[in-house]
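Data block below; observations after.
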Number of protein chains: 2
Amino acid sequence: MKYIEKLRNSGLRPTKQRLQICEVLFDTERTFHFTINQLEQRIKDKIDNKISLATIYNTVHAFEKKGYLKQIPLNSNQTYFDTNVTDHHHFYDLKKEKLIDLENSDVGPINIKRKINGKKIKSIEVLVKLDD
Amino acid sequence: MKYIEKLRNSGLRPTKQRLQICEVLFDTERTFHFTINQLEQRIKDKIDNKISLATIYNTVHAFEKKGYLKQIPLNSNQTYFDTNVTDHHHFYDLKKEKLIDLENSDVGPINIKRKINGKKIKSIEVLVKLDD
DNA sequence: ACACTTATTTAGAACCATTATAAACTGCAA
DNA sequence: TTGCAGTTTATAATGGTTCTAAATAAGTGT
Ligand SMILES: [Mn+2]
Ligand SMILES: [Mn+2]
Ligand SMILES: [Zn+2]
Ligand SMILES: [Zn+2]
């Protein structure tokens, strides 16, 4: 398995559940955005055994902490995650409630002129909301 | 009262509760960011009668729909609102869990080069997360 | 002022995404 | 193999938000 090493190197035991979740999350042609419930559904579709919802939450949070996933700031009753952990921005289609990645070449450089004393910029994220 | 007209013009009846919430939200030197629970506390501090939590939710959502408040996309278990409804961006201090307005002069122009067929840009919001 | 209609307020229940619990299980090093 | 820390799991608890339906208040017409 290609994820055993990755997990071990992160200090996470490569359990059956985590490896299967890795396949669902990272064995894909493209990166994608998901809520926990959407991920639960994908897992059900792709694997035979059951993984408890608690484990899905635990794993997603563990992966997020290790930097393999990130949360996307959005106003929704559910938390959105992204398998694309590179710096990038988003369109948010308000009608379809769907996120679309913006390539870095799609957005001009963001120039933050103001500084806050003793604070460092950790990330800069642009959210472009789309109407009809 | 200065808000009676404003509410009537919006098709909202100027009730005692709404007028009092207007005072808490809009009779301020500066605009500010808040969660419902923070607003509830401010209301308790500023006025003598009680306003039910349901009314606070109802009013905030009514004001948001009319464009007197807006939500700020953020990953938190609580929804954040802004009394500054002009287009502007935010710092988010991760340690203090506090939002800080960026003036438009603090951020260079955002240039979104990509278009989505049949969709119009409704808003562009930048969130700058701050570390120590 | 009064009656009538409709909007609003309210306490409390319901909802539901997320987190906590604690017992069973598993990976792994000694 | 044994022991232990890490992990999984069913289930309960949490808590922000929304819903409900009855009481109250505002607007309208007379
Ligand atoms: Mn989370
Ligand atoms: Mn809301
Ligand atoms: Zn993305
Ligand atoms: Zn703001």
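Chain identifiers are assigned alphabetically (A, B, ...) following the order of the sequence lines, protein sequences preceding nucleic acid strands; residue numbering begins at 1 within each chain. Everything numeric here is computed off the predicted structure, so don't read it as measured data.
- Other residues sharing the hydrophobic cluster of Leu127(B), ordered by chain and number and joined by side-chain separations under 4.5 Å: Ile72(B), Leu74(B), Tyr80(B), Tyr92(B), Leu94(B), Leu99(B).
- One can place CZ of Phe63(A) at 11 Å from P of dT7(D), the figure rounded to the nearest angstrom.
- Side-chain nitrogen and oxygen atoms of Thr35(A) include none within less than 4.0 Å of the OP1 or OP2 phosphate oxygen of dA17(C).
- Whole-Å rounding puts the Asn37(B) CG to dT14(D) P distance at 17 Å.
- A close approach under 4.0 Å does occur between a side-chain nitrogen or oxygen of Gln17(A) and OP1 or OP2 of dT9(D).
- Within a 6.0 Å radius of CD in Gln78(A), more than 12 heavy atoms belonging to other residues, nucleotides or ligands are found.
- Here the straight-line distance linking atom CD1 of Ile21(B) with atom CD1 of Ile51(B) works out to 4.5 Å at 0.5 Å rounding.
- Partners of Thr31(B) according to the side chain to side chain donor-acceptor pair (under 3.5 Å) rule, which considers only residues two or more places apart in sequence or in another chain, do not exist here.
- Using a 4.0 Å cut-off, some side-chain N or O of Lys50(B) falls inside it from OP1 or OP2 of dA11(C).
- Heavy-atom nearest nucleotides on DNA chain C were determined for Arg18(B) and for Ser52(B), and the one closer to the 5' end corresponds to Arg18(B).
- A search for side chain to side chain donor-acceptor pair (under 3.5 Å) contacts involving Asn77(A) returns nothing, not counting sequence neighbours.
- Gln20(A) places a side-chain heavy atom less than 4.5 Å from the side chain of Lys16(A).
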Inset, instruction - Applying side chain to side chain donor-acceptor pair (under 3.5 Å), run through Asp101(A) and His90(A) and close with a yes or a no. - result: CA-CA 5 Å; Asp101(A) 275 358; His90(A) 293 97; 3.1 Å; yes
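- Between the CG atom of Leu74(B) and the P atom of dG16(D) there is a distance of 15 Å, rounded to whole Å.
- The rotation axes computed at either terminus of the helix from dA1(C)-dT30(D) to dA30(C)-dT1(D) lie 30° apart, taking five pairs at each end and rounding to 10 degrees.
- Following rounding to the nearest Å, Phe81(A) (CZ) and dA17(C) (C1') show an atom-to-atom distance of 11 Å.
- Across dT18(C), dT17(D), dT8(D), the shortest atom-to-atom separation from the side chain of Ile36(B) is found for dT17(D).
- Side-chain N/O atoms of His61(A) include one lying less than 4.0 angstrom from OP1 or OP2 on dT19(C).
- Separating the CD1 atom of Ile43(A) from the P atom of dT9(D) is a distance of 10 Å, rounded to the nearest angstrom.
- Atom CG of Asn49(A) and atom P of dT7(D) are 18 Å apart (whole Å).
- Considering only side-chain N and O atoms, Tyr57(B) lies nowhere under 4.0 angstrom from the phosphate OP1 or OP2 of dT18(D).
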Legend entry - Contact pattern, 5' to 3', of nucleotides 20-30 of chain C - B, S or - by protein heavy atom under 4.0 Å: ------BBS--
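- Distance Ile47(B) CD1 to dT9(C) P: 12 Å, rounded to the nearest Å.
- For the pair Lys70(A) (side chain) and Thr86(A) (backbone), a donor-acceptor distance under 3.5 Å is present.
- No hydrogens or angles considered: a donor-acceptor pair under 3.5 Å links the side chains of Gln41(A) and Asp45(A).
- If you measure from atom CD of Glu40(A) to atom P of dA10(D), you get 11 Å, rounded to the nearest angstrom.
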Please list every donor-acceptor pair under 3.5 Å in which a side-chain atom of residues 105-112 of chain A meets a protein atom from a residue at least two apart or in another chain.
residue, atom, partner, partner atom, Å
Asp106(A), OD2, Glu103(A), N, 2.9

